[in-house]
Number of protein chains: 2
Amino acid sequence: MRFHSPSIQYFHAVRRTGSIRAAARVLNVASSAVSRQILKLEQEVGSPLFERNARGLTLTTVGEMLARHVMNVLQDLDRFRSDVQSLSGTWHGTVSIACIESLTESVLPDLIASHRGRARRVSFTTEVKGSSDVLEALSRGEADIGIAMALRHPPDLRQAALKRFRLGAVVAREHPLARRKTVTLAQCFAFPVIHALPELSIYHLLQPLIAQLPETPEPAIQVNSIDLMRELAARGVGVAFQTQLGIGRLSREGQLVFLPLDNAGSPVWSDLGIYVRAERTLPAYTESFLQELVRELGERERRENAAYPHVA
Amino acid sequence: MRFHSPSIQYFHAVRRTGSIRAAARVLNVASSAVSRQILKLEQEVGSPLFERNARGLTLTTVGEMLARHVMNVLQDLDRFRSDVQSLSGTWHGTVSIACIESLTESVLPDLIASHRGRARRVSFTTEVKGSSDVLEALSRGEADIGIAMALRHPPDLRQAALKRFRLGAVVAREHPLARRKTVTLAQCFAFPVIHALPELSIYHLLQPLIAQLPETPEPAIQVNSIDLMRELAARGVGVAFQTQLGIGRLSREGQLVFLPLDNAGSPVWSDLGIYVRAERTLPAYTESFLQELVRELGERERRENAAYPHVA
DNA sequence: ATAGCTGCTGCCGAAACGGCATCAATATGT
DNA sequence: ACATATTGATGCCGTTTCGGCAGCAGCTAT
């Protein structure tokens with residue numbers, strides 16, 4: 001089933017590993033074979049594809065162009081393979097997901113479990129990253145589906161869906177704020193606050209709002225793990241900020257209370273985007289999971305926004 | 001620059017020609033070489049790609065899937081080539097257009113002439129077909145850009161733009177109807193009418209309206225050429241039907257008069273769609289022309305609908 | 001029945017591929 | 001500063017693959 005010339009497979013491996021010898025190890029061939037294929041390729045294209053640094057290879061501009069083409073080819077080959085297999089009845093493959101941390105508590109495990117229940121032959125690989133890293137992984141062809149904060153995405157990605165969830169304060173059941181319906185940022189800052197570090201995307205959502213506050217609040221606890229943030233809040237250490245997506249189980253068990261943020265009378269939204277490579281047609285099993293993911297997130301968006309109606 | 005394995009190039013040629021020996025002639029190789037590559041390919045895929053009829057080869061289902069993949073690969077290779085060339089300053093390639101006849105009088109020649117004036121190295125091939133043939137040519141990878149009546153298009157095509165033009169009656173300057181502002185179908189059928197045959201898309205636009213008329217009009221002249229239709233109308237033979245797009249020159253010279261159709265108080269629209277293959281990223285020069293085409297058609301749409309305001 | 005087409009298949013020379021050993025250049029560790 | 005390790009490139013050589021030639025059988029149209 002590998003009817004494409006070795007050159008492009010070798011090129012692909014070299015681009016990913018950043019070294020000819022490393023690529024050769026992955027491909028189980030001699031490094032000379034890889035070296036030659038790359039040289040031949042450069043001769044065909046008429047331009048160098050890599051810059052030879054002493055420590056390995058990096059793509060030139062033309063190399064990046066070819067990388068895009070090769071990625072398109074190999075990903076479309078995957079789709080073709082899956083099409084053929086689904087024709088012959090078998091239905092297996094691997095769905096590769098890159099997503100931000102707030103999905104790992106409930107959405108993703110629920111979905112993967114239910115999907116695996118129905119299609120045992122479909123396997124998953126998931127990588128948790130920051131929002132911009134998610135988009136980059138997608139661009140580099142290292143993931144099929146990406147879920148990230150809806151930043152401005154590069155043109156080689158397509159936003160398959162956009163769901164917005166209310167951002168809110170998260171406090172322990174016993175916290176003084178816990179009996180309110182909504183809270184303002186100012187009210188939260190009357191208490192110790194658990195801050196997100198800039199590597200978490202909540203930081204970028206809250207920062208402009210915090211900057212508008214009349215007085216800069218005292219430095220509070222800062223963390224870079226949503227899980228840690230959640231557990232700290234559950235222990236009454238302070239007020240954390242999250243969408244309800246990210247606090248599922250502890251919320252269901254009644255330990256945490258979610259209080260929608262009220263910013264001068266209007267809600268604060270956290271936009272979650274689902275992304276795929278724009279130039280790619282997904283394999284059937286991936287497309288199938290993607291649609292489930294979009295449906296599920298839409299369902300949660302509907303439910304949660306109904307539970308906490310807008311402050312008109 | 002041909003760094004893809006011979007198999008897929010050979011497969012592509014065989015699919016297009018429908019015969020191994022014919023493909024071999026096109027490729028300038030021995031037919032045995034082609035035959036072997038196809039057999040090897042079928043062994044790799046694990047399923048026959050063609051059905052061997054005594055008179056040549058036709059694709060199997062798996063073959064059609066592979067054909068789609070190969071088309072994606074080769075078209076994306078074209079894009080890559082053009083990307084590299086545009087990086088090195090040179091800018092040439094061929095834009096292949098499939099369109100319906102109503103564009104050939106003014107829109108297309110104007111656009112191509114002006115584009116060639118600016119980019120001498122970009123060449124064009126244009127094929128005039130019926131609307132459904134246009135879409136099929138696009139699907140088969142035989143054209144880059146398609147312009148056709150906006151029918152329901154297959155999922156492998158993407159509608160890059162949709163422009164609507166008013167359908168109208170076209171009569172000679174001296175025709176009794178020529179002094180009206182608008183006409184109804186009934187009014188037209190008081191005179192001899194030049195009908196379009198079913199192979200022209202105007203037929204399918206008018207047929208449902210004609211069917212609603214109280215009495216079936218007498219059989220009139222029937223033609224399958226817009227050019228002929230136009231020239232007949234100019235000679236006063238009867239009333240023809242067209243969008244104004246299709247009668248440019250004769251209208252400018254004052255020989256033909258365009259009368260927007262009035263169907264029970266509302267205009268009759270002819271929807272023109274611009275299509276490209278959905279799974280394809282266009283080369284830079286093609287994309288550039290596509291945008292010009294969309295802009296120009298949008299401009300004409302605006303002008304013409306301003307010249308003949310809606311019958312509110 | 002003949003002539004012309006189809007795709008397929010031995011045979012063989014030529015080209016491409018891959019493995020091994022080696023080289024020069026550079027980075028790293030002591 | 002020196003030794004060591006790692007990088008990509010290259011010459012040599014056996015193996016594999018590719019492609020051309022000629023001929024095969026099967027089918028169709030005349």
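Letters A, B, ... mirror the listed sequences (proteins, then strands); counts begin at 1. These numbers come from a predicted model, not from an experiment.
Closest to the side chain of A:I20, out of D:dT7, C:dC8, D:dA9, is D:dA9.
If you look at A:H69 and B:H4, their ring centroids are closer than 6.0 Å. Proximity of the aromatic rings of B:F124 and B:H115 is defined here by a centroid distance below 6.0 angstrom, and this criterion is met. Aromatic rings from A:Y285 and A:H92 are positioned such that their centres are separated by 6.0 Å or more.
Taking a cutoff of 4.0 Å between a charged side-chain nitrogen and a carboxylate oxygen, A:R280 and A:D144 qualify as a salt bridge.
B:L27 places its CG atom 15 Å from the P atom of D:dC18, with the value rounded to the nearest Å. Taking atom CG of residue A:L41 and atom P of nucleotide D:dG8, one finds them 16 Å apart after rounding to whole Å.
In this structure B:R140 satisfies the side-chain contact (heavy atoms from CB on, under 4.5 Å) test together with B:R15, B:E136, B:E142, sequence neighbours excluded.
Within the 4.5 Å cutoff, the side chain of A:R2 has no heavy atoms near those of the A:L77 side chain.
Within residues 45-60 of chain B, the residues approaching DNA chain D are B:A54, by heavy-atom distance under 4.0 Å.
Look at A:S35 and you'll find a side-chain N or O under 4.0 angstrom from OP1 or OP2 of D:dA9.
Side chain to side chain, B:S5 and B:S7 meet the donor-acceptor criterion of an N or O pair below 3.5 Å.
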### Query
Can you give one letter per nucleotide of nucleotides 14-23 of chain C, going 5' to 3': B for a protein heavy atom under 4.0 Å from the base, S for sugar-phosphate only, - for none?
---SSBB---
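Backbone-only contact: B:L39 has heavy atoms under 4.0 Å from sugar-phosphate atoms and none from a base.
Paired with A:L282 under the rule side-chain contact (heavy atoms from CB on, under 4.5 Å), one option of A:E287, A:Q291, A:Q75 passes, and it is A:E287.
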